[in-house]
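Below is one structure; the comments refer to it alone.
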Amino acid sequence: MICVNNKLSRDFYLRPTLKVAHDLLGKFLTYKSGSKLLTGRLVEVEAYIGKGDPACHAAVGKTKRNEVMFGLGGYSYIYFIYGMYYCLNVVTEDEGFPAAVLIRGVEPVKGVEYMRQRYSNPDKNKLTDGPGKLCKAFNLTGKDNGLDLTGDKLYLEDCGYKVSRIERSQRIGIKKGVEKLWRFYDPDSIYVSKRGIKRK
DNA sequence: TGTTGGATCAACT
DNA sequence: GTTGATCCAACAC
């Protein structure tokens, strides 16, 4: 799949978060790690919207950790969790409205051998089927928080790929706001996260 | 200054 | 189905 400089514009991210989440499926995520180019196609995402969403980090108000979510859409929000993992989010909507889309799963497209190097088990097959795993594979950490997604370090592109089916469900791994059907995924991909499959 | 729990994953039983 | 790994932001004191 050839894809040259077709980055999603700022306007893409400034739309309502549920629309952005839905439209992100099938888009290509690229990260430049040194001289390496790492790319994956999005297959699973979740929306976290505003102070009224109890599962959203912004529900407690603006803090040092979540402040990028309060800013303009089209930036990365990366946070550390469970002492071991990072999670990548895409900030959405206008400045002052805190919302983001969590990237939960991608299909590796480019740089797979480099992603594999980051795991101790060299035979590991599924490297990007889960939010913590894909950050590890892409070498995304706290240093990449707040990056401009219309820039050159970390960005999303439309490569003309069309997802044939999109399904919707409850979000995974949260205790509050469980009733909202704000998770979107491609049911035909094997890179949908394991917990995501189990919890149906 | 101290405590607590989390948008996870892998390795167990 | 359960548990351990392992950090830091948030909040209570």
Side-chain angles (χ1 to χ4, degrees), chain A residues 13 17-18 20-22 24-25 29 40 42-71 73 75-93 97-108 115-147 149 154 156 167-186 189-200:
Chain A
Y13 301 104
T17 305
L18 288 176
V20 176
H22 177 276
L24 275 174
L25 289 180
L29 172 75
L42 274 62
V43 300
E44 182 181 359
V45 299
E46 285 177 1
Y48 289 87
I49 312 175
K51 296 180 183 171
D53 172 10
C56 182
H57 287 172
V60 294
K62 189 170 174 177
T63 64
K64 190 178 176 188
R65 179 213 214 184
N66 67 24
E67 64 182 349
V68 46
M69 263 205 290
F70 285 76
Y75 287 83
S76 62
Y77 170 43
I78 298 182
Y79 64 89
F80 188 67
I81 196 155
Y82 296 128
M84 311 194 65
Y85 299 102
Y86 288 93
C87 290
L88 167 65
N89 297 248
V90 167
V91 177
T92 59
E93 314 219 23
F97 188 92
V101 176
L102 169 70
I103 315 296
R104 287 192 58 89
V106 305
E107 288 198 13
M115 297 179 194
R116 194 179 307 281
Q117 285 172 17
R118 306 195 51 74
Y119 284 86
S120 50
N121 175 5
D123 297 326
K124 195 170 189 62
N125 201 20
K126 307 268 283 302
L127 307 166
T128 53
D129 57 330
K133 291 171 76 176
L134 78 88
C135 280
K136 181 174 180 176
F138 274 71
N139 195 22
L140 288 166
T141 65
K143 74 188 184 310
D144 303 299
N145 187 39
L147 291 180
L149 300 177
L154 179 66
L156 285 138
E167 291 190 3
R168 202 180 162 149
S169 78
Q170 297 176 38
R171 293 173 291 180
I172 311 300
I174 54 171
K175 301 232 168 97
K176 290 176 273 187
V178 223
E179 74 288 349
K180 295 181 167 57
L181 301 178
W182 286 357
R183 169 171 171 263
F184 299 87
Y185 62 100
D186 171 1
S189 173
I190 59 167
Y191 282 91
V192 170
S193 67
K194 288 208 170 61
R195 288 183 74 189
I197 293 166
K198 214 191 304 182
R199 294 266 205 108
K200 105 162 180 295

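Proteins get letters first, then strands, A, B, ... in listed order; numbering begins at 1 in each. FYI, side chains are in, hydrogens and waters are out, and symmetry mates aren't considered; it's all heavy atoms of this structure.
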Exercise. Can you list every salt bridge (Lys or Arg N to Asp or Glu O under 4.0 Å) pair that touches residues 44-59 of chain A, not counting sequence neighbours?
Worked result: A/E44-A/R104, A/E44-A/R183, A/E46-A/R104, A/D53-A/R171
Problem set entry | Contact pattern, 5' to 3', of nucleotides 6-13 of chain B - B, S or - by protein heavy atom under 4.0 Å | BBBBS---
Problem set entry | Partner set under side chain to side chain donor-acceptor pair (under 3.5 Å) for A/D144, not counting sequence neighbours | A/Y31
Exercise. Quick one: does A/S76's side chain have a donor or acceptor within less than 3.5 Å of a partner on A/L147's backbone?
Worked result: yes
Report all side-chain donor-acceptor pairs from residues 78-86 of chain A shorter than 3.5 Å, counting only partners two or more places apart or in another chain.
none

Problem set entry | For A/E107, side chain to side chain donor-acceptor pair (under 3.5 Å) partners two or more places apart | A/R41, A/S189
For this session: Toss me the dot-bracket line for DNA chain B: Watson-Crick and G-U wobble, both under 3.5 Å, 5' to 3', using | for pairs to another strand and [ ] for crossers.
Result: ||||||.|||||.
Problem set entry | Nearest-angstrom distance from the residue atom OH of A/Y86 to P of C/dA5 | 20 Å
Exercise. Mind checking the P distance from B/dG2 to C/dT6? Whole angstroms is fine.
Worked result: 22 Å
Problem set entry | Gap in Å between the two P atoms, one belonging to B/dA7 and one to C/dC11, rounded | 13 Å
For this session: Could you list the residues that satisfy side chain to side chain contact (heavy atoms under 4.5 Å, CB included) with A/E67, not counting sequence neighbours?
Result: A/K62
For this session: Check side chain to side chain contact (heavy atoms under 4.5 Å, CB included) between A/A59 and all other residues, then give those that pass, not counting sequence neighbours.
Result: none
For this session: Would you please name every residue forming a side chain to side chain donor-acceptor pair (under 3.5 Å) with A/N145, sequence neighbours left out?
Result: none
